[in-house]
Amino acid sequence: MSFRLSATPLDPAALQRALVDVRAGACVTFEGWVRNRNEGQAVLALDYEAYALLAEKEGAKIVAEARMKFAVLAAHCVHRVGHLPLGELAVWVAVTAEHRGAAFDACRYIIDEAKARVPIWKKEHYAGGATAWINCATRGDHADAIRPVG
Amino acid sequence: MSFRLSATPLDPAALQRALVDVRAGACVTFEGWVRNRNEGQAVLALDYEAYALLAEKEGAKIVAEARMKFAVLAAHCVHRVGHLPLGELAVWVAVTAEHRGAAFDACRYIIDEAKARVPIWKKEHYAGGATAWINCATRGDHADAIRPVG
Amino acid sequence: MISLTVHYFAILREQRGLTEEKLTTRATTPTALYDELRARHHLTLPADRVRAAVNDEFVAATATLRDGDRVVFIPPVAGG
Amino acid sequence: MISLTVHYFAILREQRGLTEEKLTTRATTPTALYDELRARHHLTLPADRVRAAVNDEFVAATATLRDGDRVVFIPPVAGG
């Protein structure tokens, strides 16, 4: 059971090898990828920034909660920080269990809670050069959160 | 969108590369592994047998249904046939989507429907030498489906 | 009387002792044919737990069998 | 007056123009301190959209700040 941040690219095949367990009948993984659009805008890249100490503490708490709520054998989550190009793996969650129901439910719980609670922030870089911190726009238009070029 | 059977071991990392898509924000995968116990019995290995022509037809129908029901970009399922040792990857399902909700829901739909509808059968080999075709026991004890040694 | 090919898989294959056979029958539906084969070969699964496919499509238990059909009886499945 | 260290992340770091500072304040709660900093540095997020952590633990907006605390204001998160 673990949660950690990584400043370097993730290797899902290598990460998954740590979960090998002959008691497990199911392994569910979630990968979050940097996609090329968000709310109608063309995205070129992302920056992820974390409050590392509290992020790892809160992430570990979420993984422990998943273990309490669902009959899982192992659960791991790794989240990238730094500058990520399109297509890059931003977050990886994997859960093993005897049965698939618990593996699906725990995997979804971990990513849903991580997105809502772990102090990690995402800045999108748009075609044209503007940037925005996601979820941080303030009233009216997005002018406060989207920083125009120059 | 595809469903296929494989008589040789699966390479999930290679299979997943076919799903790369910069429009995708989420990739959910399910792996079914051969586990060492089932309903209290120690399992040593499995045989999967398929009615290949109808299995691939029904599997393709399930994947197409998932595509209709959920906002997914791609969905693939590969199922092993043959003799599988403990820990072996028996079935792999992967779904990409813009958003994670659809990817989770479609992945679960595909594996749930595949287990219920695709003509594939599983024979378990137990410690001690007995075998049983799963779901094929008939009334009373399991004597009809479990074939004792010798 | 019609001539059919019957294919067996999994527990039915083991209990019948072969993977396919050609036969002639007075049965006109999958259920009637299965009951005939079940009695003859001591198959354990009752008809209501076996589905039928004809010419590689699932069919109803009461579908009409035609001369030359390829019939497959499908025990309870267990993929995954 | 108490002495505190304040750390800034993400949009707050950019708007404040630094990652941490030591300061003295009459504020006794995270909310009061945030409102003071928001007015001084023209931070855009209102206090009700910012959480607080003290010494690397989440705290209530009305928690009591103590001399020497390490305070972090947490804008809306967006992992994943």
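Proteins come first, then strands; the chains are lettered A, B, ... in the order of their sequence lines, and each starts at number 1.
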query = Which members of residues 70-80 of chain C, sorted by number, sit under 4.5 angstrom from chain B on a heavy-atom basis?
reply =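 Residues C:Arg70, C:Val72, C:Ile74, C:Pro75, C:Pro76, C:Val77, C:Ala78, C:Gly79, C:Gly80 are the ones that qualify, each having a heavy atom under 4.5 Å from chain B.
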ask   = Who in residues 57-69 of chain C is close to chain B, using a strict under-4.5 Å heavy-atom cut-off?
value =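 Interface residues of residues 57-69 of chain C: C:Glu57, C:Phe58.
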Atom pair CZ/CH2 of C:Arg13 and B:Trp121 - distance to nearest 0.5 Å = 10.0 Å
inquiry  = Using heavy-atom distances under 4.5 Å, tell me whether B:Tyr48 contacts chain C through its side chain, its backbone, both, or neither.
reply    =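 Interface part for B:Tyr48: side chain.
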query = So which part of B:Arg117 gets closer than 4.5 Å to some heavy atom of chain C, the side chain, the backbone, both or neither?
reply = backbone
ask   = Do you know the tightest heavy-atom contact between B:Ala50 and C:Phe9?
value = O-CE2, 3.4 Å
ask   = Which residues, numbered in order, of residues 53-70 of chain B come under 4.5 angstrom of chain C by heavy-atom distance?
value =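 Within residues 53-70 of chain B, the residues under 4.5 Å from chain C are B:Leu53, B:Leu54, B:Lys57, B:Glu58.
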message = For chain C, which candidate among B:Lys122, B:Glu49, B:Glu31 shows the most heavy-atom pairs at distances under 4.5 Å?
response = B:Glu49
ask   = Top residue by heavy-atom pair count (under 4.5 Å) with chain C, among B:Pro119, B:Gly32, B:Cys77, B:Ala114?
value =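 Most pairs with chain C among the choices: B:Pro119.
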inquiry  = When you compare the side chain of B:Lys123 with that of C:Ile11, does any pair of heavy atoms fall below 4.5 Å?
reply    = no
task = Could you check if a side-chain atom of B:Trp133 sits within less than 4.5 angstrom of a side-chain atom of C:Gln15, using non-hydrogen atoms only?
result =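 Of all side-chain heavy-atom pairs linking C:Gln15 with B:Trp133, none is under 4.5 Å.
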ask   = Does anything in residues 21-37 of chain C pair up under salt bridge (Lys or Arg N to Asp or Glu O under 4.0 Å), and if so which pairs, sequence neighbours excluded?
value = C:Arg16-C:Glu21, C:Glu36-C:Arg40
